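Keep in mind it's a predicted model, so treat the numbers as computed, not measured. All chains are named by letter (A, B, ...) in the order of the sequence lines, taking the proteins before the strands, and each is independently numbered beginning at 1.
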2 protein chains.
Amino acid sequence: MSLLIDYANNTLTPPEPIPSLMQGPRFSPFSGELLSAPSLEPWLNQVPLREGQKTARARQMIYRAGEILDGVPVICDGWAARVCRLSNGRRQILSFILAGDLVSTNAVFAGHLRFFVEAITAVRYSYYGRADLGQRLAAQPAVVRALLSACLAEKEEIDRLATDLGRRRADERVARLFLNLRERLDVRGLVRDQSFAIPLRQQHIADATGLTPEYVNRVIGAFRHDGLIEIDRGTLKIVNLIQLQRVADAA
Amino acid sequence: MSLLIDYANNTLTPPEPIPSLMQGPRFSPFSGELLSAPSLEPWLNQVPLREGQKTARARQMIYRAGEILDGVPVICDGWAARVCRLSNGRRQILSFILAGDLVSTNAVFAGHLRFFVEAITAVRYSYYGRADLGQRLAAQPAVVRALLSACLAEKEEIDRLATDLGRRRADERVARLFLNLRERLDVRGLVRDQSFAIPLRQQHIADATGLTPEYVNRVIGAFRHDGLIEIDRGTLKIVNLIQLQRVADAA
DNA sequence: CGGCGGATTGAGTGCTCTCAACAGGAGTGG
DNA sequence: CCACTCCTGTTGAGAGCACTCAATCCGCCG
């Protein structure tokens, strides 16, 4: 809903300016202390969004790989996904994008992206103008750090995904996806009593975990049978968190 | 050998300063034109490396996930790998690091990394001091852009890896790895007559492609049998590039 | 009611893994 | 120079995880 939400810190208040330890002769976002906790959204909130939000229906493509991008897209409401498509119709979901998320920090710096962005639910989205963003970046050095930090966090997230896809079994991958989503939604206050709304079709889960929908179904069935989770009309409840984490194998 | 090598552009000459289109009231690396071709090394070359190179023997760990990192490590000679390790001894190689490569742009901004760095061959490596790097970054805004650009390129590379691991079969993955390495080495002038030195054990290839060494062996055997490649004492020759690309399925 | 998208289930297949054995090569110590 | 060991590559047999194809079921919506 509100772009004020900070998914990295467990707080909704705008952060204090980071005390600078800069020693260089002039502004440098790098010579000071190292980046720590990423917290991008509170700063982005000070940047005006372009007039006029766009909307997309579920399953609609919001952005196609390679298209010119003259703004930085943000998902305002709903779920979307970064998707890599290849011949044969095979698809890999690289990340889920929740309300308030930049589609990718790459869009801030690059004029086009290498992946597709697809609406999962109905989605409202908008753009930051690059000029507006640039002004804000110039005016507030801390934003640069926040942006970089977000970028690094994205990289680490993909590293984790690659490891999961390369070296984990199906049940581990699905469990980790559920736990990952729970964590992201929890920060936004969208988890109540270990249950949360999850608008994903099993096809989405399959594309995110590198499996087939049928097999995802069997894995979920096993989880349900073992009392780890319950799923009912788009709501996922984690019944046995400990056991699910054990399946996910925290490593 | 030389850190002047630019693996992104097919040129060994230091780039011209990028003409700035900045319009902001003061320095901003972002309000100008968008990032285009990444070319980090020529600038890094102007930054002094710390005194005293370190060396590591093959198979030795250079950096352990989580360790404090007070400099930015660079591989000067040899091959290394970014490795994610998890319980059960499973390993995933996230990328290969060649001579002249930063281990990861993350190291410029973060005090510790989430992955291991492991020597594949004997390796000479060193560090950029963060203070030195920071000074250079402050003095030359273009370096910031180059650094960002390299960071984005790394992200895209991992996106590709994740897609391969999630949605491609064994033979496609191995073929793509070979073609990827060929491309990187070609830029450095290390490919002659479609053959190049490849110091990887089949275990490394397995860890990079999410397979087992035995199965990698079978895939390579099939490639050899089909006349796609030849391997002899650490040298890989791509005999039938077209066909290998077809297996890799450019998508 | 009919149709559609999605979930579920079954049967069979096969890609990839596991386990095991063996061969060759490089280094090492005697 | 030889014996030995370690590492790596190679190959075989068998198992199993995940896929393919297909049918059915269910909830929702027009």
Inter-end axis angle, the helix from C:dC1-D:dG30 to C:dG30-D:dC1, with every axis fitted to five base pairs (rounded, 10 degrees): 30°
Given side chains that start at C-beta, do those of A:Lys237 and A:Val239 come closer than 4.5 Å, heavy atoms only? yes
What integer distance in Å separates A:Asp171:CG from D:dG16:P? 16 Å
Compare the minimum distances between each of D:dC19, C:dC17, C:dA7 and the side chain of A:Gln202, then state the nucleotide with the smallest one. C:dA7
Under 3.5 Å, is there a donor on one side chain and an acceptor on the other for A:Gln194 and A:Arg182? yes
Any side-chain donor near an acceptor of the partner, A:Asp77 and A:Gln53, under 3.5 Å: no
Before you tell me yes or no, could you show the steps for A:Phe178 and A:Leu228 under side-chain contact (heavy atoms from CB on, under 4.5 Å), namely the whole-Å CA-CA distance, both residues' side-chain angles and the distance that decides it to 0.1 Å? CA-CA 11 Å; A:Phe178 287 163; A:Leu228 302 188; over 6 Å; no
Let's see if you can work this out: which of D:dG9, D:dC19, C:dT16 has an atom nearest to the side-chain heavy atoms of B:Ala170? C:dT16
List in numerical order all residues of residues 217-236 of chain B for which some heavy atom is under 4.0 Å away from an atom belonging to DNA chain D. B:Asn217, B:Arg218, B:Arg224
Would one find a side-chain N or O of A:Thr212 under 4.0 angstrom from OP1 or OP2 of D:dC19? yes
With a 4.0 Å limit, can you tell me whether A:Arg201 has a side-chain N or O closer than that to the phosphate oxygens OP1/OP2 of C:dA7? yes
Atom pair distance, as rounded to whole Å: CG in B:Asn88 and P in C:dT18: 9 Å
Check: B:Glu154/B:Thr105 side-chain N/O donor and acceptor closer than 3.5 Å: yes
B:Arg169 CZ to C:dG14 P: how many Å, rounded? 14 Å
Is it possible for you to check whether A:Arg64 lies under 6.0 Å from the centre of the six-membered ring of A:Phe116, through NZ or CZ, and within 45° of that ring's axis? no
Sidechain-backbone polar pair: B:Tyr63 side chain, B:Glu67 backbone, donor-acceptor under 3.5 Å: yes
Which distance, rounded to the nearest 0.5 Å, do you find between the CD1 of A:Ile93 and the NE2 of A:His204? 5.5 Å
Rounded to the nearest angstrom, tell me the gap between atom NE2 in B:His204 and atom C1' in D:dC7. 12 Å
From the options B:Ile62, B:Leu98, B:Leu102, select the one residue that forms a side chain to side chain contact (heavy atoms under 4.5 Å, CB included) with B:Ile75. B:Ile62
In whole angstroms, how far is the P atom of C:dT16 from the CG atom of B:Leu165? 12 Å
Position toward the 5' end of DNA chain C (nearest nucleotide), B:Tyr215 or A:Arg59: A:Arg59
Candidates C:dA20, C:dT16, D:dC19 - which lies nearest the side chain of B:Leu211: C:dT16
Protein-nucleotide distance (A:Glu214, atom CD; C:dG5, atom P), rounded to Å: 16 Å
